Q: 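Pasting a structure below so you can have a look.
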Amino acid sequence: MKTDDLISLLGTHTEPVKSNHLRNTILAAVAAGAAASLCLMLLTLGAPETFSGGEGLGLKIVGLGLTLSLVAAGVWFLLKAARPGKISRKPVIAIGLVSFVALVAAIGLLFSSHPATWGAMLFGPQWAACLLCIPFFALLPFTSIIWALRKEAPTSPTWAGAIAGLVAGALGATAYTLHQASMSIPFMIFWYLGPILICVAIGAMLGSRLLRW
Amino acid sequence: MLAGLDGDDRSHKALLTKLSTYLRAYFKRQLARIGQSSAEAEDLVQETLISLHVRRHTYDKSAPLTPWVYAIARYRLIDYLRRNKSASLNMPVEFADDVFVESDATAVDSGIDLSKLLSKLTPKMREAIQSIKVDGLSVSEAAKRTGMSPSMIKVSVHRGLKILSLLVREREPS
């Protein structure tokens, strides 16, 4: 085939492109994923616990703040990663640093309390639930985000997959937090960030396969 | 580029023609650098043009055009080398090279056989692409000729081009 023939093929009756098409596709996928994740939470775990005291509410707000800020940061990267071009590594490092600081804070909080309570603080009755539920609730958002990314043009599929995993994991954690606030801040940091990291790793692995174009 | 995004055929063709000369020079240079014949450069030019067209909505209108084109060209090159499992898989892909340093207008035929690829599409898609893109009919004329609804025509062309861009990469080596 001659290249000129191809150009006239591509350039005949070109459909106009809607502005903000990419952004709208991604945001719609994230919103649909979040809604699906919430529904899954309500279906499997039932209605959220009712508030009994002020402390539970406070922890819930801290937890939601943590997960929702991860969602927001992740979506911001997602919009960058969906376009061809280099992804700046700096913001990724920033998220890593924030997580590291959170971990250090968690360890600090542990050391400031009595060693006898460590076990209860870290391995409360819900740790296994966190580990299982967060990736489980992340499944649907991950699917919808990957589906949207496949229509775009990520030139670093591994990174794009990792970021999709981050957003999905953070959405899963949000859904879980909405159901039940955790027992303590160190618990939350360990058992939220851990499963989210697992989602990021799985996302990176799948991304390099699923996001080729 | 901006006029092309709004659906102006002439600007879109002019842009693709201009880009094709830069891409040709770029791919020839890169293939020579890793010790491969530049005979495949035309295939890569065409694959990249299809990618640029099918993914044109990923261009950020407020950003410069060249990094976007370069990123797609580089991606197509890496993807091509990966598919062809060449000995140069470890080639440094981060070379500070630019698509836009020289241009080359000596087009040759690529190894891509359009009619063969079109025959792999579903009849609806093939008919829609044939009417709109090859014969240059308007959507309403094509709808009359094929008996499909105008929106069906548009969808078929859009999907057909995406599938073509896949077929181009999965074709048997010529």
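Keep in mind that what you see is a predicted model, and the values were worked out from it rather than measured. For the numbers below, each heavy atom of this structure counts, side chains included, while hydrogens, waters and symmetry mates do not. Residue numbers start from 1 in every chain, and the chains themselves are labelled A, B, ... in the order their sequence lines are given, proteins ahead of strands.
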Q: Examine whether an atom of A:Pro154 lies under 4.5 Å from a heavy atom of chain B, and if so say whether it belongs to the side chain, the backbone or both; otherwise answer neither.
A: backbone

Q: Using non-hydrogen atoms only, which part of A:Leu6 is less than 4.5 Å away from chain B: side chain, backbone, both, or neither?
A: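 The side chain, not the backbone.
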
Q: Angle between ring planes, A:His21 versus B:His57, binned at 30° and 60°: parallel, tilted or perpendicular?
A: perpendicular

Q: Name the region of B:Ser20, side chain, backbone, both or neither, that has any atom closer than 4.5 Å to a heavy atom of chain A.
A: side chain

Q: Is it the case that atom CZ in B:Arg159 sees more than 12 heavy atoms from other parts of the structure closer than 6.0 Å?
A: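 Counting other residues, nucleotides and ligands, CZ of B:Arg159 stays at 12 neighbours or fewer.
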
Q: To the closest 0.5 Å, what do you measure between NE2 (B:His12) and CD (A:Glu15)?
A: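 Rounded to the nearest 0.5 Å, the NE2-CD separation comes to 11.5 Å.
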
Q: Using a 4.5 angstrom heavy-atom cutoff, name the option from B:Ile129, B:Ile50, B:Val45 with the most pairs to chain A.
A: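 The answer is B:Ile50.
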
Q: With a 4.5 Å cut-off on side-chain heavy atoms, are A:Trp213 and B:Arg55 touching?
A: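 Answer yes - side chains close enough.
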
Q: Looking at every heavy atom in both A:Gly85 and B:Ala71, which two are closest together, and how far apart are they?
A: N-CB, 3.3 Å

Q: Among the options B:Asp8, B:Val54, B:Asp60, pick out the one with the most heavy-atom pairs lying under 4.5 Å from chain A.
A: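 Among B:Asp8, B:Val54, B:Asp60, the one with the most close pairs to chain A is B:Asp60.
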
Q: So, taking the atom named CD in B:Gln46 and the one named CG in A:Asp5, what distance separates them when rounded to the nearest 0.5 Å?
A: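 Spacing of CD (B:Gln46) from CG (A:Asp5) equals 8.5 Å.
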
Q: Using non-hydrogen atoms and a 4.5 Å limit, figure out which bit of B:Leu161 sits close to chain A: side chain, backbone, both or neither.
A: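 For B:Leu161, side-chain heavy atoms alone lie under 4.5 Å from chain A.
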
Q: Of the backbone (N, CA, C, O) and the side chain (C-beta and beyond), which part of A:Arg212 lies under 4.5 Å from a heavy atom of chain B, both, or neither?
A: both

Q: Please determine, among A:Leu9, A:Thr155, A:Leu10, A:Val17, the option with the most heavy-atom pairs under 4.5 Å with chain B.
A: A:Leu10

Q: Counting only heavy atoms closer than 4.5 Å, note whether B:Arg10 contacts chain A via side chain, backbone, both or neither.
A: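 For B:Arg10, neither part sits under 4.5 Å from chain A.
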
Q: Which one of B:Val139, B:Val157, B:Leu16, B:Asp79 has the most heavy-atom pairs closer than 4.5 Å to chain A?
A: B:Leu16

Q: Mind ranking B:Tyr59, B:Tyr75, B:Trp68 by heavy-atom pairs under 4.5 Å with chain A and telling me who comes out on top?
A: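 So the answer, after comparing B:Tyr59, B:Tyr75, B:Trp68, is B:Tyr75.
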
Q: Provide the closest heavy-atom pair for A:Ile7 versus B:Lys13 in the form atom of the first, atom of the second, distance.
A: CG2-O, 3.7 Å

Q: Donor-acceptor pair, B:Asp9 side chain versus A:Thr14 backbone, under 3.5 Å?
A: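 Pair found, side chain donor or acceptor close to backbone of A:Thr14.
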
Q: Please rank B:Leu49, B:Leu166, B:Val69 by heavy-atom pairs under 4.5 Å with chain A and give me the top one.
A: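 The option with the most such pairs is B:Leu49.
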
Q: Return the minimal non-hydrogen interatomic distance between A:Lys151 and B:Lys162, and the atom names on each side.
A: O-NZ, 4.4 Å

Q: Counting heavy-atom pairs closer than 4.5 Å to chain A, which one of B:Lys61, B:Arg76, B:His158 comes out on top?
A: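 Most heavy-atom pairs within the cutoff with chain A belong to B:Arg76.
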
Q: Under the criterion side chain to side chain donor-acceptor pair (under 3.5 Å), I'd like the reasoning laid out for A:Glu152 against B:Thr58: C-alpha separation, chi angles, the key distance, then a yes or no.
A: CA-CA 6 Å; A:Glu152 313 306 344; B:Thr58 64; 5.9 Å; no

